[in-house]
Structure formats: structure tokens, C-alpha cells
Visitor: 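Next up is a structure, given as C-alpha cells.
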Amino acid sequence: MPSSAVLELRRSLLDWYHQFGRDLPWRRNRDPYAIWISEIMLQQTQVKTVIPYYERWLTLFPAIATLATAEQQQVLKAWQGLGYYARARNLHRAAKVIVEQHGATFPQDLAAVLNLPGIGRTTAGGILSAAFNQAVAILDGNVKRVLTRLAAIEVPPSKASKQLWELSENLLDPEQPRDFNQALMDLGATLCTPQNPACLICPWSTHCRAYQFNLQSELPMFETRAPIPHKLIGVAVIWNDEGQILIDRRRQEGLLGGLWEFPGGKVEPGETVEACIQREIQEELGIEVTVGDRLITVDHAYTHFRVTLNVHHCRHVSGAPQPIECDEVRWVTLAEIDQFPFPKANVQIIEALRQASNV
DNA sequence: AAAGCGTGGAT
DNA sequence: TATCCAAGCTT
């Protein structure tokens, strides 16, 4: 039997949600497929960023079967710019699993949902509660922050995972799990924000231990983070006599897996950028090039390191390109290149090529 | 179990 | 410019 405090927390949060909850595209239907797509896109990604991708995705891939039969390149192209591309690859794989194992219908069983690639505990709870009103708890970034403050947990959230999950489960309203989970996320996104939380208008302020102790600005505590390295990269835009450019498709695993790129690699200590490019192209593609003028320098920050791409025009001299350290190589024209999914840093290179050639 | 995995926005 | 963080999952 839940305590009266828990009942009061549920009631006050749901009251607030019915007045101030957000109107979001994926809340307008209960189609588990559409909700699944939104949940995956929203992983580590802001609502504002997701909305146009979500709308476009449902036009391109309106049903699970459509997604399952699409080419991976189309899927990655639809994801281009969203980041964390394993999400798109896993979505594609999971769609095939659902077609093969669940008759193209999104499963309603928690264990089956958790078994799908790319779906963890939070995403499973988000889908099952939103689509089917199942009482499955969630613990995303918003909920972690709200609960950390509610209970004044004075260790970084990663050290309190078990406690936070238990809190989320105990608070969850078994009679209105859909609205409750959505409400908890909205509270974190709109009032219980990382900076300057709006405690004065928060429905939970009278129950919040952080507010009670004036700790709301100190919690949650920061996670410790390792400093990120900076890598210098030589990149080649290799031209042939037909005016085509050589691009390669990265391997499925790891950073930017399955995306296309301009070939290149890390500048070794004491090496010039030109020598690096010549060496990398020989090692990765088995061809000889001459390195010409610099096209552009691109600085880009990933999560775990930063890069400076030194991009040079190159001329193909000899040898047929081979996919030695990649999955595929291809000669393309500037007009064709938009069909291929590229990471953001490479899109900047394409834009520079367009400017240079006035297309 | 700590590290790897993108990008855009806010400060 | 540097840093943090946004509906986390996988290995």
C-alpha cells in the first residue's frame, strides 16, 4: 500500500501535467511504431532537433514493414545529422526482427521489447507506457534529475542508479502509467531544468528535499569526466580524369559506422599533412595519388575527442581503389553525392567543393 | 563496468 | 573558446 506522501506526489504531478503538459507530435497517437521511433530519436537528443526528423521519417517509412525492407543507405540518409548512427542501424535491424518474429506487429511483452536491438530499460518503459499504458518505469536524464533533487541524492546519478530506479518504480502511478511517465519527463524538461529550476511554481516543491535544503542548484552532482584528446587528420578529395571524386563507406562497427566519407587518417608525429594523406590513401585504398592544394580545414568535436581535418585536393595517379580498411569505395560526381549519407564534418567538405566549383 | 558513440544549443 | 548537456544503449 503506497504511503499518503506517494499518493500526494502522484496526484499533484498529474494535476500539473493535465494543465501544463507539452503537446508533442508523438503524443497525438498511440501507434507503438511511431512512439518507438520517437523514443529512439530522443535518446540524448533534444525535442526541438527530433521533431523534423520524426515527421520526415514517418513519411519515408510509414510502417514497420516499410522500414524492414528499406536499404540501409536510405535509413542512414534519413538519419543523417542526428548523430549516434547505431540508433538508425539498430532501428533497421529491429524492424526486421519484428517482421520475422512478431508478424510485423510491435511486441507488448517487456522481455521481447528489451530483446530488440537499441532498446534498453528506459526506452522499453517509455514505449510500453506510452503506447499500451503499461506500468513500466523509466529513468532518463529528466527523471534522474527530478528524482535526484526530490530525494536530495548527494552522489552523481551513476552511483545511485539502483536507488533511482526503485524511486521511479515506487512513484509510478499503476493506474495512469502513461500520463505519469510523460508528466515526470515534462517536469524535468520544463521546470526542474539543469540551470535555474523553477521551484516556485513546481508542484513538488513542498515535497522536494533539495528545495527544502536549498540544494536544487547543486544537484545532481557532476559525473567525473576524462579530458578529451585532439587529433590531426589528413583528408583527401581524390579526383580522376572523368571529374569524379573517390568516397568510401565506413565499416558497420564503431564511429559513424555505415556512413560514407572522404578517405584519410591520423597525422603521425613529425609527419606533414601531405605525407600523411599519401600514406593513408596507399594503406587504405591501395592507390597512388599526388597531393595538391588545401581545400578547407574543418574543426569538429565528437563526444570523446576533437579533430582538425586538413582537407586537400588530390589527383589519382595509379591503381584501382580497393576497400582495404572500409566496406566499399566509389567514384561519384558532385551531382550524385547527395544520395549518400555523410557525417556532418564531411558535409562541410562537400559544401566547400560546391562553392569551389560554383554548383 | 567504464568507455565508446554525434550533433546542436545554451551559457 | 570551453564546457555541459539533451527522452541512453552496447560492449
Visitor: Out of C/dC5, C/dG8, C/dT10, which nucleotide sits closest to the side chain of A/Thr123?
Guide: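 Of the options given, the side chain of A/Thr123 lies nearest C/dG8.
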
Visitor: With a 4.0 Å cut-off on heavy atoms, is A/Arg89 in touch with a base, just the backbone sugar-phosphate, or nothing at all?
Guide: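 A/Arg89: no heavy atom of the nucleic acid under 4.0 Å.
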
Visitor: Counting only N and O atoms by type, is there a donor-acceptor contact under 3.5 Å from the side chain of A/Asp186 to the main-chain atoms of A/Ala189?
Guide: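 No.
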
Visitor: Could you measure the distance from the CG atom of A/Leu259 to the CD atom of A/Gln252? Nearest 0.5 Å is fine.
Guide: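 If I round to the nearest 0.5 Å, the distance is 9.5 Å.
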
Visitor: When you measure from the side chain of A/Arg93 to the backbone of A/Pro117, do you find a donor-acceptor pair of N or O atoms at a distance under 3.5 Å?
Guide: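 Checked: no pair found.
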
Visitor: Check every strand shown and say whether A/Ile119 touches a base, only sugar-phosphate, or nothing at a heavy-atom separation below 4.0 Å.
Guide: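 If one applies the 4.0 Å heavy-atom cut-off, A/Ile119 turns out to touch the sugar-phosphate alone, with no base involved.
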
Visitor: Classify the ring geometry of A/His300 against A/Tyr302: parallel below 30°, tilted from 30° to 60°, perpendicular beyond 60°.
Guide: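 Judged by the thresholds at 30° and 60°, the geometry between A/His300 and A/Tyr302 is perpendicular.
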
Visitor: Determine, step by step, whether A/Phe132 and A/Arg178 satisfy the side chain to side chain contact (heavy atoms under 4.5 Å, CB included) criterion, reporting the C-alpha distance in whole Å, the side-chain angles of both residues, the deciding distance to 0.1 Å, and the verdict.
Guide: CA-CA 8 Å; A/Phe132 306 118; A/Arg178 170 190 296 122; over 6 Å; no

Visitor: Using a 4.0 Å cut-off on heavy atoms, which residues in residues 181-188 of chain A reach DNA chain C? List them by number, or say none.
Guide: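 When residues 181-188 of chain A is checked for heavy atoms under 4.0 Å from DNA chain C, the hits, listed by number, are A/Gln182, A/Met185.
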
Visitor: Heavy atoms only, 4.0 Å cut-off, all strands: where does A/Gly118 land among base, sugar-phosphate and nothing?
Guide: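 It contacts sugar-phosphate atoms only.
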
Visitor: Within this structure, what is the CD-to-P distance between A/Gln348 and B/dG6, rounded to whole angstrom?
Guide: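 After rounding, the gap between these two atoms is 16 Å.
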
Visitor: Using whole Å, what does the distance between atom C1' of nucleotide B/dG6 and atom CZ of A/Arg87 come to?
Guide: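 Rounding to the nearest Å, CZ of A/Arg87 and C1' of B/dG6 are 8 Å apart.
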
Visitor: Under 4.0 Å between a side-chain nitrogen and a carboxylate oxygen: does that hold for A/Lys159 and A/Glu223?
Guide: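 Salt bridge: no.
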
Visitor: What do you reckon, are the aromatic ring centroids of A/Tyr53 and A/Trp57 less than 6.0 Å apart?
Guide: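 Aromatic pair excluded; centres sit 6.0 Å or further apart.
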
Visitor: Determine the contact category for A/Leu24: base if any of its heavy atoms lies under 4.0 Å from a base atom, sugar-phosphate if only primed atoms, P, OP1 or OP2 are that close, otherwise nothing.
Guide: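 Counting heavy atoms under 4.0 Å across all strands, the contact made by A/Leu24 includes a base.
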
Visitor: Sticking with atom P, work out how far C/dC9 lies from B/dG8, rounded to a whole angstrom.
Guide: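 Here C/dC9 and B/dG8 have their P atoms 23 Å from each other.
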
Visitor: Whole angstroms only, please: what is the CD-P distance between A/Glu39 and C/dC9?
Guide: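 From A/Glu39 CD to C/dC9 P: 9 Å.
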
Visitor: Shorter than 3.5 Å, N or O on both sides, protein versus nucleotides 7-11 of chain B: list them out with atom names.
Guide:
residue	atom	partner	partner atom	Å
B/dT7	OP1	A/Tyr85	OH	2.9
B/dT7	OP1	A/Lys344	N	2.9
B/dT7	OP2	A/His300	NE2	2.9
B/dT7	O3'	A/Gly81	O	3.4
B/dG8	OP2	A/Lys344	NZ	3.3

Visitor: Under 6.0 Å between ring centres, would you say that holds for A/Trp204 and A/Trp16?
Guide: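 No.
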
Visitor: Is it the case that B/dA2 (base atoms only) and A/Arg225 (side chain only) share a donor and an acceptor within less than 3.5 Å, ignoring hydrogens and angles?
Guide: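 Checked by distance alone, the answer is no.
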
Visitor: Give the rounded distance in Å between these two atoms: CD of A/Glu223 and P of B/dA3.
Guide: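 Checked: the CD to P distance equals 12 Å.
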
Visitor: Side chain of A/His304 only, heavy atoms from C-beta on: which candidate in B/dG4, C/dA7, C/dA6 is closest?
Guide: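 Nearest listed nucleotide: B/dG4.
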
Visitor: Would you check if the side chain of A/Trp165 reaches a backbone N or O of A/Glu169 as a donor-acceptor pair within less than 3.5 Å?
Guide: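 Not confirmed, A/Trp165 side chain does not pair with A/Glu169 backbone.
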
Visitor: With P as the reference atom in both, quote the distance from B/dA3 to C/dA7 in angstrom, rounded to an integer.
Guide: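 Pairwise P distance, B/dA3 against C/dA7, rounds to 24 Å.
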
Visitor: Side chain of A/Ala189 only, heavy atoms from C-beta on: which candidate in C/dA7, C/dT10, B/dG6 is closest?
Guide: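 Nearest nucleotide to the side chain: C/dA7.
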
Visitor: Decide if the gap between the ring center of A/Tyr17 and the ring center of A/Phe180 is smaller than 6.0 angstrom.
Guide: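 Judged by ring-centre distance (under 6.0 Å), A/Tyr17 and A/Phe180 do not meet the cut-off.
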
Visitor: Quickly work out the A/Phe222 CZ to C/dA6 P distance and round it to whole Å.
Guide: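 After rounding, the reported distance stands at 11 Å.
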
Visitor: What does A/Trp26 touch in the nucleic acid at a heavy-atom separation under 4.0 angstrom: a base, only the sugar-phosphate, or nothing?
Guide: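 Since a base atom lies under 4.0 Å of A/Trp26, the category is base.
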
